[in-house]
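Written out below as structure tokens is the structure these notes cover.
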Amino acid sequence: MTQQQASRTIEATPENGGRKLGAKGQRTRQQLIDATVALLETHGLRDVSVVDVARAVQTSPATFYVYFKGVPEVVLAALENASQTSPELEAVIARDWLAPGAADAARDFVECYTTIWNRNRTIFVVRNLAAEEGDARFYEARMHQARPMMDAISKQVERAQAAGRTPAELSARSCAGTVLMILERLSAIGPMSSHSDGVGYEDLKAAAAHSIAMMLGARE
């Protein structure tokens, strides 16, 4: 989604009958989003009510419903402006993984990805849980946000397969999905992990980087 498309989403929503919002309306809508995300840092999606959000913004539930149908719709709105990629991350994955130095690049890739993911940690965790519980809206949001990196990783796996570095019988798309599953799980648990039995966040990132480098055909 481009910045222009995101702006249109903010200005005109189904909940307000498709009418464009003025500056005050946009501020109120963003306050509702911010308050919801803040509440979700300590509560589950099902535990946050419209009343809770309205109270946090010092407004009424009636005002909330001008902008959103419910709390899940607020999270979906927040996700519209959350990204799982960046120019820096895209530059790392686009490098030549068959050339020397790929092991260092894999560590950079893991570090960059986990940093980006944790900027939106709260809503990504909520999104993933809702998707896994069967909410198609959150599943589609998850797939949409993962698609750019999925495509980029798939291309690198195909290149590694063509060079004989990665088994040709593997599905490149499935390999990319596995890489993203590793990174998402690492991102989600990392900040909360404690160093015990030689397993800390840095240890986990190093192991993930090694696995990803091998998947992409890196040997050095």
Side-chain angles (χ1 to χ4, degrees), residues 1-87 89 112-150 177 180-181 183-192:
M1 175 178 289
T2 66
Q3 189 64 36
Q4 184 178 7
Q5 288 171 324
S7 177
R8 284 201 298 269
T9 301
I10 290 174
E11 292 176 353
T13 65
E15 291 78 3
N16 66 13
R19 298 187 304 275
K20 288 188 177 181
L21 299 177
K24 181 178 179 181
Q26 290 185 36
R27 283 196 301 272
T28 300
R29 186 175 187 273
Q30 189 59 50
Q31 286 172 348
L32 292 168
I33 292 173
D34 293 342
T36 300
V37 174
L39 287 166
L40 288 170
E41 289 178 0
T42 54
H43 298 75
L45 181 58
R46 294 176 181 175
D47 299 323
V48 176
S49 69
V50 170
V51 172
D52 293 330
V53 177
R55 184 182 297 120
V57 181
Q58 297 183 329
T59 190
S60 67
T63 297
F64 177 99
Y65 288 119
V66 169
Y67 301 93
F68 300 105
K69 292 179 180 178
V71 175
E73 285 71 23
V74 184
V75 180
L76 290 167
L79 286 167
E80 289 174 357
N81 294 317
S83 177
Q84 284 182 219
T85 187
S86 71
L89 187 64
C112 188
Y113 187 95
T114 54
T115 298
I116 291 170
W117 201 93
N118 276 294
R119 288 175 189 159
N120 295 292
R121 173 186 174 77
T122 298
I123 55 174
F124 283 163
V125 168
V126 171
R127 178 201 65 187
N128 291 358
L129 288 174
E132 289 162 9
E133 289 175 354
D135 191 314
R137 299 170 301 171
F138 285 94
Y139 176 82
E140 179 53 37
R142 187 179 190 178
M143 292 300 100
H144 175 74
Q145 289 169 313
R147 198 165 290 126
M149 197 49 51
M150 177 83 84
L180 289 180
M181 282 191 290
L183 289 171
E184 280 209 351
R185 188 58 181 161
L186 178 63
S187 300
I189 68 171
M192 298 182 295

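Just so it is clear, the structure is predicted and the values come from calculations on it, not from any experiment.
Side-chain atoms of Arg119 do not come within 3.5 Å of backbone N or O of Ala82 as any donor-acceptor pair. The backbone N or O of Leu79 lies less than 3.5 Å from a partner atom in the side chain of Gln145, making a donor-acceptor pair. The backbone N or O of Gly70 sits less than 3.5 Å from a side-chain atom of Glu73, completing a donor-acceptor pair. Between the side chain of Asn128 and the backbone N or O of Arg142, no donor-acceptor pair lies under 3.5 Å. With hydrogens and angles disregarded, a donor-acceptor distance shorter than 3.5 Å links the side chain of Asn118 to the backbone of Thr114.
In this structure, the separation between CG on Leu40 and CG on Leu129 is 10.5 Å, given to the nearest 0.5 Å. With rounding to the nearest 0.5 Å, the separation of CG in Asn120 from OG in Ser187 is 11.5 Å. Separation of atoms CZ (Phe138) and CD (Glu132) is listed at 12.5 Å; rounding is to 0.5 Å. Interatomic distance, CD1 of Ile123 versus CG of Leu45, reported as 12.0 Å (0.5 Å rounding). Distance check, rounded to the nearest 0.5 Å: CD of Gln84 to CG of Leu180 gives 7.5 Å.
The shortest heavy-atom contact between Pro72 and Arg137 is CB-NH2, 3.7 Å. Of all heavy-atom pairs between Phe68 and Ala77, the closest is CE2-CB, 3.6 Å.
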What side-chain donor-acceptor pairs closer than 3.5 Å can you find for residues 31-39, not counting sequence neighbours?
from, atom 1, to, atom 2, distance (Å)
Asp34, OD1, Gln30, NE2, 2.9
Thr36, OG1, Leu32, O, 2.8

(request) Test Val53 against Val74 for side chain to side chain contact (heavy atoms under 4.5 Å, CB included), laying out the working first. (result) CA-CA 10 Å; Val53 177; Val74 184; 5.7 Å; no
(message) For Tyr113 and Leu186: C-alpha separation, side-chain torsions, deciding distance, then whether side chain to side chain contact (heavy atoms under 4.5 Å, CB included) applies.
(response) CA-CA 10 Å; Tyr113 187 95; Leu186 178 63; over 6 Å; no
(message) Under the criterion side chain to side chain contact (heavy atoms under 4.5 Å, CB included), I'd like the reasoning laid out for Thr115 against Cys112: C-alpha separation, chi angles, the key distance, then a yes or no.
(response) CA-CA 5 Å; Thr115 298; Cys112 188; 5.8 Å; no
(request) Start with the C-alpha distance between Trp117 and Val125, add both sets of side-chain angles, then the distance that settles side chain to side chain contact (heavy atoms under 4.5 Å, CB included), and finish with yes or no. (result) CA-CA 10 Å; Trp117 201 93; Val125 168; 3.7 Å; yes
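With Arg127 as reference, Glu184 is the one residue of Glu133, Glu184, Glu140 to meet the salt bridge (charged side-chain N to carboxylate O under 4.0 Å, His left out) rule.
Arg185 CZ: 12 or fewer foreign heavy atoms inside a 6.0 Å radius.
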